[in-house]
2 protein chains.
Amino acid sequence: MSRARLTDEDARFIEKYRPDAYPRPAVTVDIAVFTVIDARLVTLLIKRNEAPFRNQWALPGGFVRVGTSRKDQGESVDDAAARELREETGLPLDPTYLEQVAAFGKPMRDPRMRVISVAYFALIRPALGSLIHAGTDASHAQWVHVSDLKKRALAFDHESILSACLTRLRERVDNSNAAFALVGETFTIPELRAVHEVVHSQALDAGNFRRRFMRWREDGIIEEAPGKRITASKPATVYRFSQSR
Amino acid sequence: MSRARLTDEDARFIEKYRPDAYPRPAVTVDIAVFTVIDARLVTLLIKRNEAPFRNQWALPGGFVRVGTSRKDQGESVDDAAARELREETGLPLDPTYLEQVAAFGKPMRDPRMRVISVAYFALIRPALGSLIHAGTDASHAQWVHVSDLKKRALAFDHESILSACLTRLRERVDNSNAAFALVGETFTIPELRAVHEVVHSQALDAGNFRRRFMRWREDGIIEEAPGKRITASKPATVYRFSQSR
DNA sequence: ACAAAAGTGTTAATTTTACACCCATGC
DNA sequence: GCATGGGTGTAAAATTAACACTTTTGT
């Protein structure tokens with residue numbers, strides 16, 4: 001399979017194409033940012049300072065930048081998500097993990113106008129989580145325990161979006177390398193286990209988890225790192241994620 | 001969690017909101033329709049009769065209808081997919097299975113203008129598949145064996161879209177009830193097995209599949225239907241999908 | 001009778017789960 | 001020494017996989 005070529009006819013047609021013949025929706029990205037703070041899974045909420053839903057909590061996000069000409073079509077939706085995340089969190093670097101979840105496209109989800117939103121979930125390291133809270137006005141951005149979300153009323157349909165992101169996060173922690181984005185650059189087996197436990201809010205058998213971990217090691221997904229982690233008791237071996245693959 | 005209420009301030013703000021302040025992308029749906037014909041997995045391709053990519057093959061799809069006012073915001077993206085599917089296949093009924101896969105939002109994927117597409121995959125019963133082929137001009141719509149897709153050049157980025165839909169289809173056949181949408185209203189164990197085999201292009205052990213099947217039966221997912229299927233050899237018991245759950 | 005395909009039985013291999021226990025270290 | 005938590009061993013239970021075999025029917 002390969003993409004078909006554009007013909008001369010195509011080129012001529014495109015020249016005279018009238019792009020504004022039909023009404024268009026606005027398109028936004030919304031991002032559920034997760035991290036672990038104090039051994040609890042948290043997500044980032046932003047207090048809106050504009051109507052609608054002014055002073056209500058919402059997921060970080062914003063409009064996808066669409067270019068103004070045929071030649072300049074603007075940024076990709078994925079790029080928009082990465083950009084909004086940087087802007088809203090203040091973190092200079094790209095997120096460790098960013099994945100599209102789904103498009104949310106019911107009419108009237110925004111009372112102003114037709115808005116279709118593409119939802120993403122992002123994972124950032126625990127160490128960086130506190131930076132955000134410190135760096136921004138706490139009344140503007142806030143880490144919320146996911147177990148406390150039931151009590152919150154969120155703007156728009158962000159409740160459904162968040163719930164879809166949470167489901168996807170759990171699936172990815174089980175079946176992909178996502179969990180490694182929720183520990184530090186280097187980590188011990190118990191630290192990684194804690195992430196799995198917190199995401200599923202369920203205790204895991206230490207021995208059995210260790211075996212799973214060792215299988216990842218054999219598969220070259222993780223490798224031993226120099227040094228030991230000093231804890232209150234017996235120091236634990238330190239590993240790192242093998243970025244190479 | 002519940003949706004926050006709109007305040008009076010919101011209402012006032014919305015009144016004077018200027019929706020056309022920023023350029024917007026066009027939003028389309030593209031649908032990979034799958035069925036099984038002659039024991040092979042096939043997907044529906046449409047020959048475009050307009051530029052760009054005129055006379056090239058593409059996935060069925062079209063623009064999401066966006067309303068023209070705040071009060072009329074048009075159809076949901078899911079509804080757009082169902083509508084386009086009905087229109088392009090000519091099938092009067094709703095598809096047996098329709099699921100969103102992902103949004104495709106790179107710039108320049110359409111040379112005319114910025115277009116963001118939400119991809120879906122749909123499953124229809126084998127018996128209906130031939131209806132479509134008969135009902136429409138064969139040069140316009142065509143069932144293509146998925147194993148032959150490598151040879152085809154598809155319009156836009158429909159190759160990536162199709163590939164994502166195929167991956168999702170395989171996942172769903174394994175872990176959800178999707179496979180039941182690819183057999184007739186009633187079916188035998190070997191018929192359902194054939195679907196699994198064709199989707200994964202891999203033979204399955206008849207005995208082991210039977211055990212899996214019987215587990216579904218115990219779980220109430222499927223139930224025995226009256227009658228027997230007359231085949232070339234020993235007649236097989238007929239089952240049906242328990243829609244109830 | 002024979003071929004073809006439905007349906008059954010058996011067993012090995014693998015994975016999951018539960019749980020007991022050992023061991024190194026800081027206090 | 002003793003509590004803590006890292007690290008190891010073992011065995012039952014459940015699932016998956018491989019394959020031989022029996023039964024029922026059309027021709």
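Labels below follow one simple rule: chain letters A, B, ... track the order of the sequence lines, proteins then strands, and each chain is numbered from 1. Only a predicted model underlies this, so the values are computations on that prediction, with no experimental measurement involved.
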Aromatic contact between A/F180 and A/Y97, with the criterion being ring centroids under 6.0 Å apart: yes or no?
no
What bend angle does the helix from C/dA1-D/dT27 to C/dC27-D/dG1 show across its length, from five-pair end axes and to the nearest 10 degrees?
10°
Minimum heavy-atom separation for B/F241 to B/I221, with atom names?
CD1-O, 3.4 Å
Any donor-acceptor pair under 3.5 Å linking the side-chain atoms of B/R40 with those of B/S147?
yes
Looking at A/R109 and A/V115, what are the two nearest heavy atoms and their distance?
NH1-O, 3.0 Å
N/O (side chain, A/R210) to phosphate O (OP1/OP2, D/dT8) under 4.0 Å
yes
Between B/T237 and C/dA6, is there a contact of a side-chain N or O with OP1 or OP2 at under 4.0 Å?
no
Under 4.0 Å: is that the gap between some side-chain N or O of B/R229 and OP1 or OP2 of C/dA6?
no
Mutual orientation of the aromatic rings belonging to A/F187 and A/F213 [parallel < 30°, tilted 30-60°, perpendicular > 60°]:
perpendicular
Tabulate protein N/O versus nucleotide N/O from nucleotides 16-18 of chain C, keeping only pairs under 3.5 Å, one per line.
from   : atom 1 : to     : atom 2 : distance (Å)
C/dA18 : N7     : A/N208 : ND2    : 3.0
C/dA18 : N6     : A/N208 : OD1    : 3.2
C/dA18 : N6     : A/R211 : NH2    : 3.4

Nearest heavy-atom neighbours spanning B/H140 and B/W57:
O-CZ3, 3.8 Å
Protein within reach of the bases, or only the backbone? For nucleotides 22-27 of chain D, mark each nucleotide 5' to 3' as B, S or -, using heavy atoms under 4.0 Å.
-BBSS-
